[in-house]
Student: 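Structure in structure tokens, see below.
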Amino acid sequence: MEAYLDYNATTPLDPRVLEEMRPYLEGRYGNASSFHRKGQESRHAVELARERVAARLGVEPGDILFTSGGTEADNLAVRGTVMARLLQRRHLAVSAVEHQAVLHTAAHLEKRGCRVSYVPVDSQGIVRLDELTKAVSEETAVVSLMHANNETGAIQPVGEAARIAHAKGALLHVDAVQSFGKLPVDPEAIGADFVAVSAHKICGPKGAGALYIRKGVKLESLLHGGHQEKNIRPGTENVAGIVGLGKAAELLGEPEREEERTRVLRLRERLEEGIRKAVPDVRLNGPVSGRARNTLNLAFPGLDGETLLMNLDFKNIYVSTGSACTAGSVEPSHVLLAMGLSEKLARAAIRFSLGRFTTEEEIEYALREIPPIIERLRKAATEDKK
Ligand SMILES: Cc1ncc(COP(=O)(O)O)c(C=O)c1O
């Protein structure tokens with residue numbers, strides 16, 4: 001038995017996505033820029049995928065640019081905007097709980113002379129709008145705020161952020177990598193200038209993503225080369241990956257997805273209740289409501305998350321800690337630290353994330369295995385202290 005409870009890290013490929021991609025990994029290998037029929041076959045596939053992604057976001061196909069994933073889409077929106085506005089504006093504001101794709105891009109720009117505001121969050125992990133308002137000025141080129149947090153699932157007030165940014169002439173980038181497929185993502189309703197999505201978080205392939213760019217918004221390319229993707233993102237298109245992203249996006253519109261979201265919520269609630277019952281002092285990190293339904297971030301006081309993760313791994317239960325490995329040492333999650341958790345408690349956290357193929361059996365299996373592991377580790381921890 002195994003339980004894959006790490007959907008926020010990546011998801012299994014939906015078999016229908018694989019089916020749609022397969023011809024583009026086999027016989028349909030034409031370059032989408034070639035004028036002959038073999039090339040045009042690939043071009044049509046890319047444009048169909050663009051229509052499907054656009055339809056899911058409620059925007060026009062021409063507003064969608066394909067990238068190599070969420071990281072590149074985030075880099076392009078943030079760095080591309082700052083570089084395009086460098087003569088007028090040299091400041092950017094990002095929340096303290098962004099993904100590294102945004103945080104490290106901001107740090108890179110900071111080293112090259114830009115000013116960055118890392119906007120704090122409250123104890124639930126929600127960005128402080130009063131602090132965002134203070135940070136944004138006529139000098140701000142772009143504000144970057146994620147829609148749902150990858151570690152806690154906390155849903156951010158992106159619509160309010162758009163109003164705050166626009167009031168000062170700044171643009172808003174929304175990293176929707178974790179919300180796409182879990183919450184409605186409507187760039188126009190949010191008022192976003194950019195929205196990043198990634199295929200491998202929605203049962204699509206790794207290495208494919210897209211950036212919505214509002215019409216008329218200028219940004220500088222990160223790469224230089226051919227004329228692909230409107231001269232903004234050169235490089236021969238990853239046709240199979242793009243086809244997979246398109247199919248995965250299309251599947252998000254199926255009526256069954258609504259049932260799936262309810263089913264995932266029930267399973268997550270069952271997991272949460274079961275763990276709470278067995279481990280009463282467990283602490284929920286993130287908001288009780290107002291979070292992505294599939295995500296459960298729990299701190300187990302007195303335990304080390306990495307050790308717990310490895311012990312769960314022995315039982316084929318796959319979860320995450322928010323820790324990052326930096327220069328050989330494991331750093332506690334920047335998200336949990338920003339929420340005010342002590343380093344010790346942040347190190348005691350585990351993220352469970354569920355999705356399309358999570359079964360009741362997996363949850364019951366996890367609930368059988370987790371309590372004795374925790375009891376054993378806690379016992380060992382107290383013995384160590386003696
Ligand atoms: C919120 C968020 N943004 C960006 C990314 C990066 O996406 P990708 O893995 O497609 O580069 C991730 C992936 O974990 C994420 O969770």
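Atoms within each ligand, like the ligands themselves, are counted from 1 in listed order. What you see below is based on every heavy atom in this structure, not just the backbone, and it leaves out hydrogens, waters and symmetry mates.
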Student: Between Gln228 and Thr236, which heavy-atom pair has the shortest distance, and what is it?
Tutor: NE2-N, 3.7 Å
Student: For atom 6 (C) of ligand 1, what's the nearest protein heavy-atom neighbour? Residue, atom name and distance, please.
Tutor: Thr71 OG1, 3.4 Å
Student: Is it the case that the side chains of Ser68 and Glu72 hold a donor-acceptor pair, with the cut-off being a distance below 3.5 Å and no angle test?
Tutor: yes
Student: Taking 4.0 Å as the limit for heavy-atom contacts, which would you say applies to Asn150 with ligand 1: side chain only, backbone only, both, or neither?
Tutor: side chain
Student: So which atom in Ala349 and which in Asn297 form the shortest heavy-atom distance, rounded to 0.1 Å?
Tutor: CB-OD1, 3.7 Å
Student: For ligand 1, which atoms, with element, lie under 4.0 Å from some heavy atom of Asp74?
Tutor: 3 (N), 4 (C)
Student: Can you tell which of Glu19, Glu254, Glu20 makes a salt bridge (Lys or Arg N to Asp or Glu O under 4.0 Å) with Lys247?
Tutor: Glu20
Student: With Glu272 as reference, evaluate Arg291, Arg266, Arg283 under the salt bridge (Lys or Arg N to Asp or Glu O under 4.0 Å) test and give the passing residue.
Tutor: Arg291
Student: Which part of His200 is near ligand 1, with near meaning a heavy atom under 4.0 Å away: side chain, backbone, both or neither?
Tutor: side chain
Student: Among protein heavy atoms, which sits nearest to atom 3 (N) of ligand 1, and what does the distance come to when rounded to 0.1 Å?
Tutor: Asp175 OD2, 2.6 Å
Student: Can you report which non-hydrogen protein atom sits closest to atom 16 (O) of ligand 1, along with the distance?
Tutor: Gln178 NE2, 2.8 Å
Student: Below 3.5 angstrom, do we get any N/O pair linking Val177 and ligand 1?
Tutor: no
Student: Looking at atom 8 (P) of ligand 1, what's its closest protein heavy atom, distance included?
Tutor: Gly70 N, 3.5 Å
Student: Tell me which protein heavy atom sits closest to atom 15 (C) of ligand 1, plus the residue, atom name and distance to 0.1 Å.
Tutor: His99 CD2, 3.3 Å
Student: Answer yes or no: is there a donor N or O on one side and an acceptor on the other, between the side chain of Thr105 and the main chain of Ala101, under 3.5 Å?
Tutor: yes
Student: Show the atoms of ligand 1 that are less than 4.0 angstrom away from any heavy atom in Gly69.
Tutor: 10 (O)
Student: Considering only heavy atoms, does Lys201 approach ligand 1 within less than 4.0 Å through its side chain, its backbone, both, or neither?
Tutor: side chain
Student: Under 6.0 Å from the ring centre and within 45 degrees of the ring axis: does the NZ or CZ of Lys38 meet both conditions for the six-membered ring of Tyr29?
Tutor: yes
Student: Work out which heavy atom in Arg347 is nearest to a heavy atom in Pro332; give both atom names and the distance.
Tutor: NH2-CD, 3.4 Å
Student: Before signing off on this row, confirm whether Ser198 and ligand 1 have an N or O atom pair separated by under 3.5 Å.
Tutor: yes
Student: Over all heavy atoms of both residues, which pair between Val288 and Gln124 is shortest? Give the atoms and the distance, please.
Tutor: N-OE1, 4.1 Å
Student: Quick one: which ligand 1 atoms are inside 4.0 Å of a heavy atom on Met146?
Tutor: 1 (C)
Student: Is it the side chain (CB and beyond), the backbone, both or neither of Asn149 that lies under 4.0 Å from ligand 1, heavy atoms counted?
Tutor: neither
